[in-house]
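One structure is given below, encoded as structure tokens.
It should be emphasised that the depicted structure is a prediction, and the values quoted were computed from it without experimental measurement. Lettering of chains follows the sequences in order, A, B, ..., and the numbering in each one begins at 1.
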Number of protein chains: 2
Amino acid sequence: MDPAPHILVVDDHREIRDLLAKYLAKNGLRVDTAGSSAEARQALKAAAVDLVVLDIMMPGEDGLSLCRHLRETSDTPVILLTAMAEETDRIVGLEIGADDYVTKPFNPRELLARIKSVLRRASSLPRPRDQLEPATRRLGFDRWTLDVDRRELVGPDGVAVPLSTAEFRLLTTFLKRPRMVLSRDQLLDLTSGRAAEVYDRSIDNQVSRLRRKIEADPKAPAIIKTVWGGGYTLAADVRELP
Amino acid sequence: MDPAPHILVVDDHREIRDLLAKYLAKNGLRVDTAGSSAEARQALKAAAVDLVVLDIMMPGEDGLSLCRHLRETSDTPVILLTAMAEETDRIVGLEIGADDYVTKPFNPRELLARIKSVLRRASSLPRPRDQLEPATRRLGFDRWTLDVDRRELVGPDGVAVPLSTAEFRLLTTFLKRPRMVLSRDQLLDLTSGRAAEVYDRSIDNQVSRLRRKIEADPKAPAIIKTVWGGGYTLAADVRELP
DNA sequence: GGGCCATTGACACACTTCGTTACACTTCTT
DNA sequence: AAGAAGTGTAACGAAGTGTGTCAATGGCCC
């Protein structure tokens with residue numbers, strides 16, 4: 001089970017803030033609050049926030065400005081609160097890149113539904129920071145067992161194959177996302193965090209080296225398959241062996 | 001350049017449908033329309049739809065029901081249209097898993113902004129084009145078994161025939177729609193999401209290559225039949241082997 | 001059945017993407 | 001500091017895919 005999602009509620013009205021925080025917390029979310037954009041920026045630095053609920057109309061820096069900033073610097077989803085049913089505001093909000101908005105006065109149940117909807121979408125993204133469950137020490141796939149602690153592959157005959165750092169990272173990246181087609185860009189981002197250069201073939205190379213170690217017949221790969229024009233995919237089930 | 005996103009507009013009012021289709025098409029989207037949930041289901045099989053704009057109130061099967069079905073069988077994003085500002089409808093819609101909703105009467109510009117917003121979120125996901133039922137691991141047809149996970153074709157004698165990416169995509173497209181006549185345009189859309197060029201022969205070529213692998217006598221195809229002037233069709237029953 | 005046209009099948013070829021090897025550069029060890 | 005292992009870059013051949021062409025075939029009209 002994932003930890004409870006962390007929501008940041010930003011509104012200059014204390015009542016709304018507290019009411020909302022209480023309601024959301026009661027429904028299984030972790031909630032922080034902020035009374036201004038400045039406070040919000042502080043809170044965002046201090047904690048890993050999964051979603052921001054953001055009032056547009058606030059004294060000082062307004063919500064749209066903060067939203068724009070968020071969109072430029074992170075992928076954190078944003079739901080806007082707009083006091084008036086001002087169509088323009090709503091459209092501008094969406095065009096800026098907010099994930100959703102709710103017009104005041106709103107039904108808390110509706111806001112909760114929207115939060116869950118946005119979180120569901122966000123969590124289906126391949127997340128680079130997604131760690132494996134701490135308990136998971138070994139992963140089984142095909143005929144292999146990956147010992148995560150020892151960074152070692154164990155074959156069916158018990159023979160251990162050592163993996164280099166890059167090979168290990170690439171393999172765990174695949175094991176966390178079985179059957180998902182991952183582009184070279186994504187793989188590069190997920191394994192080393194860097195963006196691709198032009199004509200970057202390093203992932204191809206890594207895949208080639210990894211295949212040489214895990215494939216029965218590297219000429220006809222059965223575990224890591226190539227998707228022409230798309231990337232690579234792990235064609236195997238993954239078993240967690242705690 | 002990515003192909004233009006493909007939108008399906010579902011509404012029982014012809015005027016709204018046509019107006020909307022025209023407006024969206026003018027803004028660079030490919031648009032199909034359907035006048036009922038039944039038509040919509042048909043259209044969803046016939047084309048690779050990137051997003052559905054769906055009226056809730058329709059005679060026959062209503063929008064919520066279709067939305068629920070969509071959410072259970074695919075990840076295709078849905079934007080709901082609701083005639084009344086009925087809060088209950090909107091909330092139920094979101095809880096069912098719609099990605100957004102718009103209340104009638106609406107500003108086309110707002111709908112467009114929402115469509116783009118939802119598409120932007122959806123497109124950061126690696127798009128699973130070959131969305132078979134989740135449980136479906138293997139499909140049997142004629143004398144063959146397609147191992148969907150391994151992207152491999154297994155013959156009656158147990159011999160595995162490797163498929164290229166395009167061949168695999170083409171074959172799964174047929175297997176999902178047995179006995180259905182698919183035009184070249186549809187096949188191109190369903191396999192690669194792109195629209196046809198003039199005198200586009202790539203599908204013919206792919207069919208030819210696939211036949212060479214699966215037909216007992218490629219000169220007299222028995223599995224993938226040609227429908228003169230219409231396209232191709234899979235002339236075989238498909239068995240799901242979980 | 002015969003002539004005509006559009007559609008289709010097959011093939012060759014161009015182009016893109018991918019696999020592999022060799023090699024240079026970096027990092028870590030000794 | 002020298003060596004070893006790991007990793008990225010470049011290059012070349014192989015495989016996959018789309019395009020263009022021509023011949024074969026099916027439908028249509030007579």
Give the rounded distance in Å between these two atoms: [atom1] of [X] and [atom2] of [N].
X	N	atom1	atom2	value
B/Asp200	D/dT21	CG	P	15 Å
B/Tyr199	D/dC22	OH	P	14 Å
B/Asp204	D/dT19	CG	C1'	12 Å
B/Arg184	C/dA6	CZ	P	16 Å
B/Arg212	C/dG9	CZ	P	12 Å
B/Arg209	D/dT17	CZ	P	8 Å
B/Glu215	C/dG9	CD	P	11 Å
B/Leu163	D/dG16	CG	P	11 Å

Under 3.5 Å: donor-acceptor pair, side chain of [X], backbone of [Y]:
X	Y	result
A/Glu215	A/Ala222	yes
B/Arg211	B/Ile224	yes
A/Ser192	A/Leu188	yes
B/Glu110	B/Asn107	no

Is the distance from OP1 or OP2 of [N] to the nearest side-chain N or O of [X] less than 4.0 Å?
X	N	result
B/Tyr232	C/dT7	no
B/Ser208	C/dG9	no
B/Thr226	C/dG9	yes
B/Thr165	D/dG16	no

| message | Just so I know, are the side chains of B/Val53 and B/Asp11 near enough to count as touching, which here means a heavy-atom distance under 4.5 Å? | response |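 Heavy-atom side-chain distance check fails, nothing below 4.5 Å.
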| said: So, applying salt bridge (Lys or Arg N to Asp or Glu O under 4.0 Å) with B/Asp189, which one of B/Arg184, B/Arg30, B/Arg194 is it? | reply: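 Per the salt bridge (Lys or Arg N to Asp or Glu O under 4.0 Å) rule, the option paired with B/Asp189 is B/Arg30, out of B/Arg184, B/Arg30, B/Arg194.
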| message | Using a 4.0 Å heavy-atom cut-off, does B/Ser202 contact any base of the nucleic acid, only the sugar-phosphate backbone, or nothing at all? | response |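 If one applies the 4.0 Å heavy-atom cut-off, B/Ser202 turns out to touch a base.
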| request: Enumerate the residue pairs fulfilling side-chain hydrogen bond (donor to acceptor under 3.5 Å, both in side chains) with a member in residues 15-26 of chain B, sequence neighbours excluded, ordered by first and then second residue. | output: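 side-chain hydrogen bond (donor to acceptor under 3.5 Å, both in side chains) check on residues 15-26 of chain B returns no pairs.
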Close N or O pairs between protein and nucleotides 24-30 of chain D (under 3.5 Å):
none

| First encountered from the 5' end of DNA chain D, between B/Arg201 and B/Gln206 |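 Looking at the nearest nucleotide for each, B/Gln206 comes out on the 5' side.
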